[in-house]
Amino acid sequence: MSNYIGGDDAYLSNTFGKSLSLRVDGRFKAVSISPSGRDVVLAGRQGLYVVDLDDPFSAPRWLHHITSWEVADVQWSPHLSKPGWVVSTSNQKALVWNLARSSSNAIEHVLHGHFRAISDINFHPQHPEILATCSIDTYVHSWDMRSPRRAYYSASVWSAGVSQVKWNYQNPNVIASAHSNDVYVWDLRKGCTPLHSLKGHANSVNSIDFNKFNETEIMSSSNDGTVKFWNYAISDKEPQRTVVTDFPVARGRYLPFGKGFCVMPLIGGNNSVYLAECVTENGSEPVCKFQPIYVFKGHSDCVSDFLWRVRHSSESMIDDREFQLVTWSKDCDLRLWPVNETTYKKVHFEQFAPLESPLVDHLYSTYRQEPPMSRNKFDYSRQMKEHFVTKSGSEDTRDKNKVDHLAWVSGVKLHHANSPHDLFEQDKLQNLGEEVSMIGHKFPKVVFEKISVSTGSLILTLSGPWSERSPDDLVFLRIEAIFPPNYPCKKNDPVFKIEENRELSASKSKELTDQLQVISAKHTELGMYCLEACLRFLLGEKINLDALQDEEQLLNFDVVDQAEFEDLSSLDSSDMRSHVASGSSDLSDEEGVMYDDKTSIEGFTETKLDLDTTPVPKGCGATWTSSGLLVCFFALEGKLDKKQHNLQILNQRNYVNSKEGQKPEILFQDDLSASSSRPKRYVELHPASSEHNSENGVMASETDSNASSDSFGDVWNDIVRSDITLRTKLPVYSAFGKNLTLIPSDDGKSNASTPKFKNTVLVKDFSHLIADKRQLALEYKFTGDSLESICKHNADVAESQGMEDLAHSWTMMANLLIDREELQTCTFEWSFDGLGDRWFVKEAMSFFEKSKNVQMLAMLSCILMERSHWSEIGAEGRFPRKQQNNVVTFESDLHTGFPRSHQGSIASSVKSEDYFSPHQFRSKQPKPQLLAPSSMIPDVKIEILHDETLDLIGGRLPPLLDPAEESKYRSYRYQYAELLFYWGLLIHRAELLQFNTPLPAPSDDSWSIYSRSAPDSVIPLNATGMSYKFVEGEATSPFIVNCNYCELKIEGFCSTCGSCQHIMHAHCAKEWWRVSNECPSGCGCACVDVFDRV
Amino acid sequence: MVTISNAHSELIHDAVLDYYGKRLATCSSDKTIKIFEVENDVHKLVETLHGHEGPVWQVDWAHPKFGVILASCSYDGKVLIWKEENGRWTQIATHAAHSASVNSVKWAPHEYGPLLLAASSDGKVSVVEFKENGTTEPIILDAHSIGVNTASWASAALQDGSNSLQNRRFVTGGADNLVKIWKYSPEANTYLVQDTLEGHTDWVRDVAWSPSVLLRSYLASVSQDRTCIIWTQENSQGPWKKQLLKEEKFPDVLWRASWSLSGNILALSGGDNKVTLWKENLEGKWEPAGEVEQ
């Protein structure tokens, strides 16, 4: 259950002296640090978060206190005797929390004395039970916790609200407060007459701070951009010194070490915290310019507050304190900044100077963990009461208490590097925590049951295709992974354990574990993080280990210096032990506790993560239309790039710190890694957009690109409220609320009078690339006096449309099909040229096939083949095959003259053309060679050639086209018919489809063209479009709604008479026309005959 | 050339002209679908359809023989069917069989009847038949375990005559980097995997089955790995041959592939906000045939 407990020694801290960034969403306003420096408390509208700085990867403890009021201040008691006391504001009340109690019962006192919002709280530096509050109701109250019902001291200047109140460090009776532009110093013993009033600021005072060592010295910081140092023992009229900065100052405090002070701008000032030296010697200029000696720069938004984290050895008689700056900013980052030696020196901090009395030792422990419950009866009933009376159900569900751990982990960034400035701008994975968070978002189907970065152990569940019964079944796996502290260095590969599972045989399990071992070993060999590869493998993807080295490193891994981890490793091993121990104790606790609604945050389960693999949306695309128009849509140029760019950065930098220090050059240097690291999933886009949101929310300047991604994020939020994974650690409403506040401004922008281009749809004509042309189709002919003339006509058509090559093809075709009269004169060459013909046609067809010119293919297939087929059948009825045989015999007998007997039918003429056609075109070259021997060649030879042809032909199909491919040609015609339909050339289409319709029995054929249900039609589908078209086209006309035969409503297949427009169900029509030729409506139309004519 | 700017307040994810090229449907992250009438260079917004609760990924017009019908799919996991009658658009059906974002929706070739293919991130594809009596009969298939990004029907015309209904095929592409070919099995009344094509090294974002009825079937698949693969099969049977459209990777991820009606031009688009056109030359190599930038 538990993970990192940590040592009780601040010197074992793995975060002290390092820089750390923690992303904490949830609109926290105020921050305070425990005197031991171990914990930080953040206060906001949702309550308190207690973050253990030594184990930043563990989700914080969350003490609920949902309020609609911003929290103005939170203070952790600095006293040894009250280590768990935290006081926070809630509008006009102050809440005193005791973190040593359970979260549901942590509020120890409520101080209610002000009647407007409290603006500041200050613990008395000497008396643990006393604290002072001030409010915009102009009062300053001092409270004693031993009788918290009412303030024991109050003072007011009536004129203006109070912004700050501070106790004097030396004199326990003196208190100072800032009222508008003035600072008042009070003495508790003198009632509400101010001791001094320090006037001099030109604008309101935001912060005051007593000097720790000099009783009468106080500094005040103001909106007028100055920091004034007063000594009211010398003068309460004039400040001793005024420091002029170029920003309004929000906070100005003396340093806890050396002689210096720290100021923090209210706005501007690079969002930094400035450290400066105090020059208090007389004789220095009374007014001087602010000269910082050190700048803590890196936040992307105003800093809300800064704190000092301190540690020193226990009972030490020398001043061996070390400090670390903690800042909390509106950019939602909590940061820890190391302070280096030179800085100490600059502010004259003498380290290791002997002390008069030992420093106070605070117990170095964390309040992040829920305290174990006592079973004291009193507590029990009290708890019950709290549940029913005050908590209004906000804590009853365990889920609500949970902070999204994965999201939390993804917000943590720990740096080992020592360079203070670039600390937060590195975009490398630094540790397991970052790896886990990154991966957690990449694989939404993987549920992390436990993430314990400090101990290097993970428990995750997923479903992988490892079933032995069927490859499609998924097997649920629960896997424990232990990562050595030096991971991912060489030989430090993690150990995976697959929990026993009914669906997974032992051997399979072994196989998987072995495979995982291989993968992880291979990765760690190269110093790479391996979790992603292992998960991919477990999810059923193939992992190519050989390509590992070449592969773009998805996570941008860096080999972590082993030395850096040394201190950690010793720590971790001890953690392991304590982990085991505490785990068992947790367990027993849990059993005994009834109302413990939040035993441990580590029992975290990832329930919110939706299994969402929706890919990133397409912002650009193109679709063809039938007529050769291309519909393209684009996201606006540049914008997309920018967004992608942001995404890349986000992805690589693990969603943290992406706002400042973007380094696109680096990212784009390696083109490969740049785009491969782009997110694939839609969900991954969200952080980017919400990032923009938060940016927009607080910054006045906004750009177009922000706007677009903003709204993107809004949408995202709207739909997947339950699925907020990345940046929002609080329950949905908070994130949602955040967005809500932002939406109006976005809308305002996008609807503003100046339209911003976000997208474009272009319809572009690319018909010149498409070989099929409507214009050609309009004028092309299938039928005509002779095939040659058809071709010639078509050639002219093509030429008139400027299609030179098509025109040329048609001319060649025409030549090919020239009047066979000529052919007959050169008697014996026909067979040779016949082959040439076939060759030519074949080449032509394959050319058009390759160029995918369906129009030409269909046209040719009609003209060269189907026509004869069609008309032959038309003429000869049901015996086409036989007739062809006749032809064959004729030909083999008589090569000198084709029998004229068949001339009467088109069929025979076409056929003979096919056989003999080549001449004009082909004969020109071969003729001279063949002429001489030709007369010698016996008839027999010709017959053989002919036989070959016949073999190829076989059956009833005409010879110029390969009959075996009849179905192919048919589908060409069919597709061309579809094209014609697209183009609205219905007559042409019908004409064309006749070629595809084998002649059915006369009784049926009259309507079979229009009905798919014709029983003997080979391709009834060809016709259905037409009949449907009829229905749809005429849908508004009233008289076709009902079938004229059965009187029922027409749906589906039907038959419409082209003449009288009366309509029948297809099956009705079949039935009716079996018995009659007339229209069933009785209109007198002879539908069947009409069809015949059409 | 028609240019419509800023029709939607968000990214547009699909734009399709209807059968006759007269109406343009666009859909967007702003959860709406807009219908434009397009005539020559003039366009007019005729309708905005609200109904989806998430970004709308794709729209598809049904064949006009079924009426003026549009299908749309969205991140909200639903497929909505819209119909226009007498100038009024109504939502006539909802298909909510999926538990995650529906990424692609396609009407079958009209010969098959009103048959809709939807691909979802829940790893399934569904084939829904909208029957005459108003009922639907979805066939739901587990296609790609991580998520199905796209699905596309094979053209009907290639298959001969009466048994074409039995020969229905479609192709899916998924987040498991695979492309799968599915064929209808009348005995089982479902679709079975006929082929699994491996070749991509990252998510397959779109697959397009060439509408051409040439003997060879063409499939184009585009992927997050910045490649486009042309898959060909002879005579609707036998193995699929794989050919990279071009050897080098594209400058950015590819999102979309679309064939012209007779299958001679392939339009690809992707993350670089560019549309490129490709054409197969007589040697069977693919050559660039044009480019559109906004």
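By convention in this document, chain letters (A, B, ...) are assigned in the order of the sequence lines, proteins followed by strands, and residues within each chain are numbered from 1.
Side chain of A/T623 to main chain of B/A15: a donor-acceptor pair is present (N/O by atom type, distance under 3.5 Å, no hydrogens or angles). Not one N or O on the side chain of B/S5 forms a donor-acceptor pair closer than 3.5 Å with the backbone of A/T760. Under a 3.5 Å cut-off, the side chain of B/R205 and the backbone N or O of A/V616 do form a donor-acceptor pair.
No more than 12 heavy atoms of other residues, nucleotides or ligands lie within 6.0 Å of CD in B/E85, so this atom counts as exposed by the packing criterion.
The side-chain heavy atoms of A/F633 and B/R256, taken from C-beta on, include a pair separated by under 4.5 Å. Proximity of B/S121 to A/P615: side-chain heavy atoms (C-beta onward) are separated by under 4.5 Å at one or more points. Put simply, the side chain of A/V761 does not reach to within 4.5 Å of the side chain of B/T3, judged on heavy atoms.
Heavy atoms closer than 4.5 Å to chain A are found in both the backbone and the side chain of B/S260. Interface remark: A/F847 contributes backbone and side-chain atoms alike to the contact with chain B (heavy atom separation under 4.5 Å). Interface residue B/L277: only side-chain heavy atoms are found under 4.5 Å from chain A. Contacts of B/L24 with chain A are made by side-chain atoms alone, with heavy-atom separations under 4.5 Å and no backbone atom involved. If you measure heavy-atom distances from B/D225 to chain A, you find no contacts under 4.5 Å at all. Within the 4.5 angstrom heavy-atom criterion, only side-chain atoms of A/L629, from C-beta onward, approach chain B. When heavy atoms are compared at a cutoff of 4.5 Å, B/E283 does not approach chain A at all. Proximity to chain A (any heavy atom under 4.5 Å) is restricted, for B/K274, to the backbone atoms N, CA, C and O. For B/D142, no part lies near chain A; criterion is any non-hydrogen pair under 4.5 Å.
Here B/I146 is the residue among B/V148, B/D18, B/I146 with the most heavy-atom pairs under 4.5 Å with chain A.
Atom CG of B/D272 is separated from atom SG of A/C620 by 7.0 Å, given to the nearest 0.5 angstrom. For the atom pair CG (A/L762) and CD1 (B/I4), the distance works out to 9.0 Å, reported to the nearest 0.5 Å. Taking CZ of A/F634 as the reference point, atom CD1 of B/I12 lies at 11.0 Å (rounded to 0.5 Å).
A pairwise comparison of heavy atoms in A/A622 and B/A267 identifies CB-CB, 4.2 Å as the closest pair. The shortest heavy-atom contact between A/W624 and B/I265 is CZ2-CG2, 3.2 Å. Closest heavy-atom contact between B/H13 and A/K618: ND1-O, 2.7 Å.
Below 30°, between 30° and 60°, or above 60°: for B/H63 and A/F981 the angle between ring planes is below 30°, a parallel geometry.
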B/Y20 vs A/T625, side-chain contact (heavy atoms from CB on, under 4.5 Å): CA-CA, chis, key distance, verdict: CA-CA 8 Å; B/Y20 301 109; A/T625 63; over 6 Å; no
